[in-house]
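Reviewing the structure listed below.
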Amino acid sequence: MLAVLNEVQQEVTPLLGQGTVAQYIPELAKVDPNQFAMAVTLTNGESFGVGSFEKPFSIQSISKVFSYTLALRYYQDDLFKRVWREPSGDPFNSLVQLEYEDGIPRNPFINAGAIVVCDSLISHFADPKKALHDIMIFIRECCDDHSIAVNHTVAESEMQCGFRNLALANLMKGFGNIDNDIDQVLQTYFQQCSADMNVSQLSRSMLYLANDGVDPISGKTFISEAQAKRINSIMLTCGHYDASGDFAFRVGLPGKSGVGGGIVAIVPGEMSIAVYSPALNNNGNSLVGTKALELFTSKTGISIF
Ligand code: GLU
């Protein structure tokens, strides 16, 4: 496994320098674009890493997988009344569809959907602090590492410049699909997005999705088998915004990206893979990260197809 990861790293290194780090979040715009890390954790607990695999970065939208897992756990199918599970075909922060679809986001992995999920968690706890606490506790539990924390500088940077997210939340509130105070919902959403993790922690944390909802190492059940299947399906069809089809075509695995430059991908029954390289392509997904995953599945023949 380490040999394959080394080969992948060697082949993507010449691509570093292509793409652009996220510009709309000032703290992320400062990140060195020429970084690369990749880690694999097998369901038996063995793990492998190359590059800067111990260096934390902003997980951004990858956090939406954790918050959605919790919301599905608390609300089950009722959640689908507020957020669908269809690809949007639109950019991650688009307002257009929401207007003509009555404020119901297409899926939980575009910003609008994740903001509704966050709102649902605040309602569940009747307290934004408890909702954030629950998300963070869950992330720590998933990777069995209690050091995972919110990067408040990044969260504040998003709060200062999150104009489109503010617009999305207001539009949905106008349609009656946000129950709580907009500022509180967005604060919570920006903080969950601003958790810092490295690729080793990320690949470890997603093992429950590779193992029918049960963490294979601790034996803890995080979600039912049916719900794990659904999350993987939504990751496959919606995990990369308007490039989800392209990611499925090139990589052939359920995955979720974040504008911090991270991507996680799940190989059901076998492993979870995380990759980091902060320069993004035009769809807001890690350019080198996507290529690395494509090479990994091509070289190993591992995919769900
Ligand atoms: N916090 C980011 C935003 O709301 C998440 C987007 C992403 O990672 O794709 O814009």
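Residue numbers start at 1 and run along the sequence shown. For ligands, and for the atoms within them, numbers begin at 1 and follow the listed sequence. Here the structure is a predicted model, which means the values were calculated and not measured.
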Problem set entry | Ring centres under 6.0 angstrom apart (Tyr208, Phe66) |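 They do not qualify: ring centres at least 6.0 Å apart.
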For this session: Would you please indicate if the ring centroids of Phe109 and Phe92 are separated by under 6.0 Å?
Result: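 Between Phe109 and Phe92, the centre distance exceeds or equals 6.0 Å.
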For this session: For residues Ser58 and Asn151, determine if any side-chain heavy atom of one lies less than 4.5 Å from a side-chain heavy atom of the other.
Result: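 Ser58 does not reach Asn151 side chain to side chain.
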Provide the number and element of each atom of ligand 1 under 4.0 Å from a heavy atom of [X].
X      : value
Ser61  : 5 (C), 6 (C), 7 (C), 8 (O), 9 (O)
Cys193 : 1 (N)
Glu158 : 1 (N), 2 (C), 3 (C), 4 (O)
Tyr189 : 1 (N), 2 (C), 3 (C), 4 (O), 5 (C)
Asn165 : 3 (C), 4 (O), 10 (O)
Gly258 : 8 (O)

Problem set entry | Proximal candidate to atom 3 (C) of ligand 1 [heavy atom criterion; set Tyr241, Phe190, Tyr24] |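 Nearest heavy atom to atom 3 (C) of ligand 1 lies in Tyr24.
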Problem set entry | Gln97 side chain to Ser88 backbone, donor-acceptor under 3.5 Å |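 Between the backbone of Ser88 and the side chain of Gln97 there is a qualifying donor-acceptor contact (under 3.5 Å).
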For this session: Indicate yes or no for a side-chain donor-acceptor contact from Asn281 to the backbone of Gly284 under 3.5 Å, with no hydrogens or angles considered.
Result: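 A pair under 3.5 Å: yes.
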For this session: Give yes or no for whether the N/O distance cutoff of 3.5 Å, strictly under, is met between Lys64 and ligand 1.
Result: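 For ligand 1, there is no N or O atom that lies under 3.5 Å from one belonging to Lys64.
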For this session: Please confirm whether Val259 comes within less than 3.5 Å of ligand 1 when only nitrogen or oxygen atoms on both sides are compared.
Result: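 Yes.
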Exercise. At a 4.0 Å cut-off, with the gap strictly under it, does some heavy atom of Asn93 reach an atom of ligand 1?
Worked result: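 Flag not set, Asn93 not near ligand 1.
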Problem set entry | Identity and separation of the nearest protein heavy atom to atom 2 (C) of ligand 1 |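 Result for atom 2 (C) of ligand 1: Gln60 OE1, 3.0 Å.
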For this session: Applying salt bridge (Lys or Arg N to Asp or Glu O under 4.0 Å), run through Asp181 and Lys173 and close with a yes or a no.
Result: CA-CA 9 Å; Asp181 175 76; Lys173 183 106 180 157; over 6 Å; no
Exercise. Is there a salt bridge (Lys or Arg N to Asp or Glu O under 4.0 Å) between Arg73 and Asp134 once you walk through the steps?
Worked result: CA-CA 12 Å; Arg73 188 198 272 179; Asp134 192 55; 5.8 Å; no
